[in-house]
Amino acid sequence: MDYAIQTDHLTKTFGNFTAVNAISFEVAPGEIFGFLGANGAGKTTALKMLTGLLKPSSGQAWVAGIDVTRKPEHVKRRIGYMSQKFSLYEDLTVRENIRLYGGIYGLKRTDIKSKTTTLLEKLQLEPYADQLVVGLPLGWRQKLAFSVALLHEPRIVFLDEPTSGVDPLTRRQFWDLIYEAAHTGVTLMVTTHYMDEAEYCNRVSIMVDGKIEALDTPRNMKKAFAATDMDEVFRKLARQA
Amino acid sequence: MSILSIKANSLSKAYGTVQAVKNVSFDVRKGEIFGLIGPDGAGKTTLFRILTSLLLPDAGQASVDGLDVVQDFKLLRQRIGYMPGRFSLYQDLTVQENLQFFANVFGTTIEKNYALIRDIYVQLEPFKHRRAGALSGGMKQKLALCCALIHKPRVLFLDEPGTGVDPVSRKEFWEMLRRLRDSDITILVSTPYMDEAELCDRVALLQKGEIMAIDTPEGITASYQRPLFAARSDDMYRLITDLRTLEPGADCYAFGEYAHLALAGTASRSATPTRPTTLSRRTSTETIQQYLESKGHQNVEVLNATATIEDCFIELMHD
């Protein structure tokens with residue numbers, strides 16, 4: 001089987017501190033994979049290695065079949081990335097943001113044009129196409145950011161706390177988009193602090209002190225920890241640390 | 001001495017053309033943990049800044065511990081503790097230096113009010129010579145709470161203390177708040193996490209600068225009117241899509257392991273049993289189960305559900 005993401009003893013050390021400690025896991029194509037852990041557990045460092053932004057100290061990782069250590073630039077072209085903290089340029093309009101990202105990912109001018117039309121229509125953002133992103137409600141911005149991350153049709157998308165701070169309705173509408181993308185075969189790796197969102201993932205991994213301490217479906221994990229919800233699983237695991 | 005600790009009366013504030021807070025009124029009783037629950041942009045921080053005398057309202061009045069937030073701001077600032085949403089301690093000072101600094105500014109000493117922060121500070125003590133900037137998220141939050149408490153305030157303002165903090169640290173933080181309430185400190189806390197509403201004595205649900213509801217968490221969930229079901233199957237994406245077309249007016253969203261299906265009309269378990277039968281009233285867990293199985297779903301499970309704060313928040317947003 002060709003995995004969307006595969007790591008083998010992936011490790012990152014900073015001085016004498018091991019941020020990510022020999023993690024090995026696989027993510028199947030079309031899977032929604034939840035990547036959980038407490039603050040400082042090593043999630044961000046692991047994500048940075050998988051997206052080609054940080055060179056691993058040892059171990060290996062392949063994303064979309066590409067070796068991230070050898071060809072980080074190739075990885076960046078094949079993946080989409082979205083975080084709550086940074087995604088869109090606030091001082092550009094909706095249309096300009098789409099054009100900018102289309103350009104960065106090397107799409108043809110005609111493709112950018114047709115994709116802009118489809119995207120605005122799908123998100124019902126046509127009336128706001130020429131408004132600055134800064135004026136849009138947070139929820140709309142996040143939906144737009146997600147769609148922009150999918151613009152170059154990546155097979156794998158990394159979502160780093162995509163729903164933090166939004167209202168419960170928008171949060172769920174956002175998950176509709178995630179489900180929809182997964183349905184078309186896109187692989188999604190998601191970090192979140194909302195434990196109910198962990199339940200929406202096909203499988204979940206929980207990092208504690210740089211290691212993956214648990215990896216399974218939410219259902220099996222709850223069974224294994226005799227917990228009623230993922231919140232309880234998370235607390236039981238992190239308490240061991 | 002009034003039993004009201006915070007009184008907000010028709011507060012409004014605009015930034016340019018953006019109306020951040022619209023005619024907001026609420027009271028917080030002495031010794032209460034009161035939650036302002038709402039997403040980013042709901043107006044939580046603006047309200048905090050007005051109530052801590054850091055921002056003038058365009059209209060309305062407010063008092064905290066009997067002091068007017070505009071007229072008596074100097075006295076007021078001695079009596080309140082404020083923990084802003086963004087980490088606001090001195091990153092280059094150590095844990096101990098930060099605490100010492102805040103004690104000095106308020107003309108007190110760490111020793112004098114140590115009893116109040118002891119439970120929290122013991123966890124920080126091993127790192128007391130570490131620079132605040134080098135602490136983990138959860139530790140920073142604990143230090144910020146100690147600094148906001150060191151002058152023994154009567155009212156504590158905590159603006160999104162849980163944001164960006166993992167569930168374990170968040171839970172510990174709430175345990176600390178409940179212990180503080182027992183020492184008679186009133187706490188106003190804001191959060192975008194709806195599950196934290198249940199940890200407050202009373203909450204105000206805030207959206208786009210307006211209060212949609214004020215009540216105890218139980219009162220809010222008890223006021224939910226629609227028939228509500230929880231359902232799951234092997235393919236949740238298709239399940240949600242199918243349930244949305246079950247009947248007119250049906251709303252369906254993911255809620256953890258299950259999807260919640262809210263039907264049009266009033267719940268049959270409401271206080272008015274003589275209501276005429278609506279379309280939804282005939283819908284039951286059995287009929288939903290049959291419908292889903294007819295759509296080819298595997299491992300279907302349908303239950304009657306009790307509304308959570310999030311169900312209520314979503315419902316109020318529709319109004």
Under 4.5 Å from any heavy atom of chain B - which part of A:His183:
side chain
Top contributor to chain B interface from A:His193, A:Gln173, A:Met230 [non-hydrogen pairs under 4.5 Å]:
A:His193
Evaluation steps, side chain to side chain donor-acceptor pair (under 3.5 Å), between B:Ser190 and B:Asp159:
CA-CA 5 Å; B:Ser190 72; B:Asp159 195 5; 2.7 Å; yes
With a 3.5 Å cut-off and no angle check, do the side chains of A:Tyr101 and A:Ser147 form a donor-acceptor pair?
no
So what's closer than 4.5 Å to chain A heavy atoms on B:Asp235: side chain, backbone, both or neither?
side chain
May I ask you to establish whether A:Arg172 and B:Phe255 are in a cation-pi arrangement, using a distance under 6.0 Å from NZ or CZ to the six-membered ring centre and at most 45° from the ring axis?
yes
Using non-hydrogen atoms and a 4.5 Å limit, figure out which bit of A:Asp176 sits close to chain B: side chain, backbone, both or neither.
both
Heavy-atom neighbours of A:Lys222 NZ exceed 12 at 6.0 Å:
yes
Given that the side chain runs from C-beta out, which part of A:Leu138 has a heavy atom under 4.5 Å from chain B: side chain, backbone, both or neither?
side chain
Where does B:Glu160 contact chain A at under 4.5 Å (heavy atoms): side chain, backbone, both or neither?
neither
Nearest heavy-atom contact between A:Val27 and A:Thr187 is CG1-CG2, 3.6 Å
Partner of A:Met189 under side chain to side chain contact (heavy atoms under 4.5 Å, CB included), chosen from A:Val157, A:Ile32, A:Leu50
A:Leu50
Heavy-atom pairs under 4.5 Å with chain A, option from B:Asp311, B:Ile240, B:Asp40 with the top count:
B:Asp40
Below 4.5 Å from any heavy atom of chain B, which atoms of A:Glu180 appear? Answer side chain, backbone, both or neither.
both
